[in-house]
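Everything numeric here is computed off the predicted structure, so don't read it as measured data. Throughout, protein chains are lettered first and strands after them, A, B, ... in sequence-line order, and every chain is numbered starting at 1. No hydrogens, no waters, no symmetry mates; every other heavy atom, side chains included, goes into these values.
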2 protein chains.
Amino acid sequence: MNNFFDHIDHFYKLNEESRQAIEKVLHQQSFSKNTLLATEGKVCHHMYFVEKGCVRGYYNLDGKEVTYWFGFEYSFVTSFYSFISRKPAFENIQLIEDCTVLAISYDDLQKLYDKYPEVERLVRIINENYYVRLEERFVAAQFKTAKERYAGLLDFSPHILQRMPLGYIASYLGISQETLSRIRGKI
Amino acid sequence: MNNFFDHIDHFYKLNEESRQAIEKVLHQQSFSKNTLLATEGKVCHHMYFVEKGCVRGYYNLDGKEVTYWFGFEYSFVTSFYSFISRKPAFENIQLIEDCTVLAISYDDLQKLYDKYPEVERLVRIINENYYVRLEERFVAAQFKTAKERYAGLLDFSPHILQRMPLGYIASYLGISQETLSRIRGKI
DNA sequence: CCTTTCTTTTGACATATGTCAAAAAGAGAA
DNA sequence: TTCTCTTTTTGACATATGTCAAAAGAAAGG
């Protein structure tokens, strides 16, 4: 729980009252490897914060699994589309390792927004930061070569190489596993 | 100005007080074709709402201009990264047609947040919607073929074909102009 | 240790897309 | 209309990446 509050302090420093209100509705949960935190076709009612472990988000696109996202410690995790629209998710979120997470329900979050505008500010700021990161990834996906994207991963997210199987990483980079293997081999 | 309030009603209905507060700090401005609303290397201090006209956002990437975004009537426009971080922008936003926009400054917006939590809620919700749209584009960019992306454009944003030159559209789709020309010719 | 299973690499080839150059088509102005 | 300028299309070829199949390597269980 402390990890969580330390982390969100980077975005916006809450006063004690809001902090305690959040603490009351956050539930610590443990799940084992391969559990799905969000499931295609089902509405995702929770936002999760990863305390320990890692997850991947993937779509089933034309019969193929495509991994679009990885989450590690200190990441917020949910099917964002489903969580904010209250409609069935298009993607799955799967635990790659056993995980401990903090969960907050959609309804609890809305109540916090109403009662503590500070919480809404915090979330606005976090969302904005996640937006900017997604923008960067979008530009990389659209305008950089596979080699450049892999180099970027090495520079900024080397931990992914350690903890995720190659097939998922290849998909995350938008290339086939074979091509990734060749890029790694410096060919 | 009415267009603007009609539009934001779709996201969240403000009370009269917040609405008037916003109206006070929104400035209508007109700019002619090719003006830059945001400039690489400069901090972008305003958020714009396009009342009339259209714009494109582009990066200079390895000496090449890459168009990553188009904005038309009813779009919010800014260098998002620069606007929220107060750091120099990496991209340019250029008017493709003469435009009328509504502008709000960063400082005015923060004051609104402090005084009218409703405004912060509105912005949170708008941000969330823009996030989901960006996620869709990201998945398309990373996991769909050029042909599929063009078909998506035809389905969901045919107005872009009408109002933007082919070179920009090709870049927006992440392909060369020649390839786009061939895709259009059904080859 | 050996056997089984899963992951990663390699090879051969197909395909999509990029690049450069030229031709064609379209839009404005005189 | 004709001339000029810009945009779009076409052609020839190069390159990056995908696909399928097989081999090699690593991990897990007995």
Side-chain N or O of [X] less than 4.0 angstrom from OP1 or OP2 on [N]?
X	N	value
R184(A)	dT9(C)	yes
K64(A)	dG18(D)	no
T179(B)	dG18(C)	yes

What is the ring orientation for F4(A) with F76(A), classed by angle as parallel under 30°, tilted 30 to 60°, or perpendicular over 60°? perpendicular

Would you call the rings of F49(A) and H7(A) parallel, tilted or perpendicular, where under 30° means parallel and over 60° means perpendicular?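 Rings of F49(A) and H7(A): tilted, as their planes differ by 30° to 60°.
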
Rounding to an integer number of Å, can you tell me how far [X] [atom1] sits from [N] [atom2]?
X	N	atom1	atom2	value
Y150(B)	dT17(C)	OH	C1'	17 Å
I183(A)	dG18(D)	CD1	C1'	12 Å
E148(A)	dG18(C)	CD	P	14 Å
D62(B)	dT19(C)	CG	P	11 Å
I175(B)	dA16(D)	CD1	P	19 Å
Q177(A)	dA24(D)	CD	P	18 Å
L166(A)	dT9(C)	CG	C1'	10 Å
I96(A)	dT7(C)	CD1	P	11 Å

Chi angles and distances behind the ring-ring contact (aromatic ring centres under 6.0 Å, His included) call for Y59(A), Y68(A): CA-CA 7 Å; Y59(A) 288 88; Y68(A) 70 96; 4.9 Å; yes

Hey, does K144(B) reach any base, or is it just sugar-phosphate, or nothing, if we go heavy atoms under 4.0 Å? nothing

Taking NZ, NE, NH1 and NH2 as the nitrogens, is one of them in K115(B) or E17(B) under 4.0 Å from a carboxylate oxygen of the other? no

Do NZ/NE/NH1/NH2 and the carboxylate oxygens of E128(B) and R124(B) come within less than 4.0 Å?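 A salt bridge links E128(B) with R124(B).
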
Just how large is the angle between the end axes of the helix from dC1(C)-dG30(D) to dA30(C)-dT1(D), five pairs per end, to 10 degrees? 40°

Spacing of CD belonging to E118(B) relative to CG belonging to L112(B), to within rounding of 0.5 Å: 11.5 Å

Could you check L180(A) against M164(B) and say which one's nearest nucleotide on DNA chain D is further toward the 5' end? M164(B)

Want to settle it: does T145(A) or E178(A) sit nearer the 5' end of DNA chain D, counting the closest nucleotide to each?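 In this pair, the answer is T145(A).
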
Looking at dG11(D), does its base get a donor-acceptor pair with the side chain of R182(B) below 3.5 Å? yes

Y172(B) six-ring face occupied by R137(B) cation (under 6.0 Å, within 45°): yes

Out of dT9(C), dT17(C), dG18(C), minimum distance to the side chain of A146(B) belongs to dT17(C)

